[in-house]
Amino acid sequence: MKYDFAAIEKKWQANWEKTKPYAAVTGDTSRPKFYGLIEFPYPSGQGLHVGHPRPFTAMDIVTRKKRMEGYNVLFPIGFDAFGLPTENYAIKNHIHPAIVTKKNIENFTAQLKMLGYGFDWDRAVDTTDPNYYKWTQWIFLQLFKKGLAYKTTMPVNWCTSCKCVLANEEVVNGVCERCGSEVVRKEKSQWMLKITQYAQRLIDDLDDLDYIERVKIQQKNWIGRSTGAEVVFKTTAGDDLTVFTTRCDTLFGATYMVMAPEHAYVKKWQDQITNWDEVAAYVDAAAHKSDFERSELSKEKTGVEIKGIRAINPVTGKEIPIFISDYVLVTYGTGAIMAVPAHDQRDWEFAKAFGCEIVEVVKGGDIEKEAFTLKGDEGVMVNSGFLNGMTVKEAIPATKKWLAEQGLGREKVNYKLRDWVFSRQRYWGEPIPLVHCDKCGWVPVPEDQLPLVLPQVESYEPTDDGESPLSKMTDWVNTTCPCCGGSAKRETDTMPQWAGSSWYFLRYMDPHNDKELVSKAAEEYWGPVDWYNGGMEHTTLHLLYSRFWHKFLYDIGVVHTPEPYQKRTSHGMILGEGGEKMSKSRGNVVNPNDIVAQYGADTMRLHIMFIGDFEKAVTWSNEAVKGSKRFLDRCWNLMDNAADDPAISAKNESIIHKTIKKVTADIDDLKMNTAIAALMAMVNEFYANGCTKGDLEQLMLLLSPFAPHMVEEMWELTGYAAKYGKMAMQMPWPTYDEAKTVDAHAEMAVQVNGKLKGTVVVPMDSDQDTVVAAAMELDKVRKAAEGMQVVKTILVKNKLVNLIVKPTK
RNA sequence: GCCGGUGUGGUGGAAUGGUAGACACAGGAGACUUAAAAUCUCCCGGUAGCAAUACCGUACCGGUUCGAGUCCGGUCACCGGCACCA
């Protein structure tokens, strides 16, 4: 009988649709729970990309195995459907984004079902569903009420094409991450979320999590904690100028100061600055540059000295000049620095350009050539008064102590992380549920009025002044203040796409609850997510944002753990033929539909797992898919040849137990490629040795998570479905007997002086004498040892013997 | 520049410090077939050799070790992330 994958897959998908074997049971305490999560897709118009099935299939395999191991598994799916591509498509084609979204979700759903994933479809969520975003809005209101959401005017990244404010994270190399257009700076009033208040906890709590190391490192780098000191400099203007430095030991070398052009003192000191015109011109020029232009490293340092005002170095007592320059960022530290040109390369370059004094305070470099930036403890302090002779390592605390005693500074920790720009001037997002009243200020929409539904508009285009399309809907905008009843206006900005995805994993636990975001019982049962797999591209954005929201929900008692995800793994990208990123323009995009049509979903699943190391990027090859199909055919064809014996055959017992062990361990490590290789090797043995139905039973169980459709059909055809009254996927996961994974004999390598001379087969656990005796039987060994004496023998049990020989004297 | 990662046959890739190249793809030979496809069996890193065999071989240079793809030091190349963060 031929393996008719199309008919088989159709049959079993219909069966699962009806019998719901993947339904998670909230509150079942008879079994341990397991919550496996994949990043829910953005339902784009292009449909599923070949990149999607990689993480989905891997987690599907993990959760299928967990079910067979007796876990109550939650493996949900949903759609992260707000966002720009849909909105842009809607604008272009004059279709409402909700209709586009509905169509795309239907398409994605069909494709995901086609691949046979064991999702609990009854729990599917859609971030654009008012019943869902009601709770996104609710969380925002709680943040607002706790003072973690605030509105501020700030220079923002402005995409000239999308006409939209972008988060720092959405700007890549100075252009918009989505559309590639130029990003410039623009002053705008924005809603912000105080993620910085959680910076330290976001670092500290990583310690107890089972995240792959590179994710932890990348998150820590992104948060960018650095320890240093704030130092107060007196100025002739009367105001103290405070700076942040990690190198307070170099204070004696601070020969000038620099403020960011946006520093508040620039304006404040206007009357005392004698070259105001020059200063104002520089400030104005800086304001118009995009962040990208400002941060181009290759460019020369620019700046202007603020004449008429000087600062006083607190340790030397010397008056030093103050400059403004755009190499100092207003958003980090205090927006001003003390410049130590001898020991900071940027300061050195600036000092060379502006003729500032360069004073060496740490011995060891050649400050004529470049700054000596050593941070270790070898450097010795010079020209530094009471610090002279100390190492850098000693000088830092000594300086801090001195500053504290003098009241001129204190230890300080700074983070690179900035607050999260939370508003978007777009239509297709969650409305921000706030109302502005002239009397009461910003007032939350009462919670019983949530969801604040996104109104229908005529046009989705942002207005020319960059306001949201909602701002044109005066009927909607004009409302009454929930507080005083007076006239008021609604906030017209919407939330960024990151909002809905920051908490979706909680909604899966209790998706139809219309009273709460998630019930206490459901959250306590399912939380936290046991294993979350996703792309490295979400490490610093989505992952950090959702950890922040979860910590906040923990603080207000909505969830019972401080962290949302216990374990995080990450998959590599799938590259097109030729090793290039898949893209429409390159024409190397692979559509999973085509592969499924030609080879079937089980082959697609198997192949995408077999293709290479899950964590690394791999190149897709249409040619190689055949190998995976061939393997499934070989498994299928075993049904014709298997001896009608329900027992595991003696010939195959050892390989079966070894394979169970290997596949069990490999799935837990996401080493699907070697798990499949082991299954292939076992099937090759079955062909060589012949096999029984008992052997085949074990193969079917092991293969079930990888190729669920084919296995259920085989399970039925071989009579096991009738025998056990269960599908293969509902059977217990096979177990192995350690003793049976061990062979009676070992093939050992024989080396002479470390060179391989051959192999010998000896009984398992043979002692040295036995192995050496067997080794000496080999011609090549005898030849190599001729006229030699064995001075040392190294024996690695069951693996290798190495004879160290020397010429006999 | 900083942080992470990677470098192995024609190709994708395997190898707790212990037989490098498992498992596949492509290629070659054979069986079956009128034929092709499919299937089954065997071969398949390089050089020399009829062969047995010998030597070389995991980016490059060096080290540790009885033994290194694996550990250590240095170099080069590529990929990802961050980037004037004081």
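The analysis underlying the following values was restricted to heavy atoms, covering all of them including side chains, and did not include hydrogens, waters or symmetry mates. In what follows, chains carry the letters A, B, and so on, assigned in the order in which the sequence lines appear, proteins first and then strands, with residues in each chain numbered from 1.
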I want to check one thing: is the phosphate of B:A86, taken as OP1 and OP2, less than 4.0 Å away from some side-chain N or O of A:Tyr327? no
So, under a plain 3.5 Å distance rule, would you say the side chain of A:Lys301 forms a donor-acceptor pair with the base of B:C84? yes
Between A:Glu39 and A:Arg568, does any side-chain N to carboxylate O distance fall below 4.0 Å? yes
Quick one: label A:Ile337 by what it contacts on the DNA or RNA (base, sugar-phosphate, nothing), any heavy atom closer than 4.0 Å. base
Rounded to whole Å, NZ of A:Lys216 lies from P of B:G4 at a distance of 15 Å
Whole-Å distance separating the NZ atom of A:Lys797 from the C1' atom of B:G17: 19 Å
Any base atoms under 4.0 Å from A:Gln345, or only sugar-phosphate, or nothing? Heavy atoms, all strands. nothing
For B:A22, does OP1 or OP2 lie under 4.0 Å from any side-chain N or O of A:Thr674? no
Base, sugar-phosphate, or nothing for A:Asn684, non-hydrogen atoms under 4.0 angstrom? sugar-phosphate
Below the 4.0 Å mark, does B:G67 have OP1 or OP2 next to a side-chain nitrogen or oxygen of A:Asn753? no
According to a strict under-4.0 Å criterion, is A:Lys662 in side-chain N/O contact with OP1 or OP2 of B:C23? no
Nearest to the side chain of A:Tyr687, heavy atoms from C-beta on, is which of B:A86, B:C40, B:G18? B:C40
Give one of base, sugar-phosphate or nothing for A:Asp633, where a contact means two heavy atoms less than 4.0 Å apart. nothing
Side-chain N or O of A:Arg630 less than 4.0 angstrom from OP1 or OP2 on B:A26? yes
Answer with base, sugar-phosphate or nothing: what part of the nucleic acid does A:Thr539 contact at a heavy-atom distance below 4.0 Å? nothing
OP1 or OP2 of B:A54 versus the side-chain N and O atoms of A:Lys780: is any pair under 4.0 Å? yes
With a 4.0 Å limit, can you tell me whether A:Lys626 has a side-chain N or O closer than that to the phosphate oxygens OP1/OP2 of B:A26? yes
With sugar-phosphate meaning primed atoms plus P, OP1 and OP2, does A:Glu537 contact a base, only sugar-phosphate, or nothing at under 4.0 Å between heavy atoms? nothing
Distance only, no hydrogens: is a donor on one side chain within 3.5 Å (strictly under) of an acceptor on the other, for A:Ser628 and A:Tyr599? no
Heavy atoms under 4.0 Å, any strand shown: does A:Met680 hit a base, just sugar-phosphate, or nothing? sugar-phosphate
Reckon A:Asn221 touches a base, only the sugar-phosphate, or nothing at all at heavy-atom distances under 4.0 Å? sugar-phosphate
Only pairs with both distances under 3.5 Å count, Watson-Crick or wobble alike; so what is the partner of B:G4 in this structure? B:C79
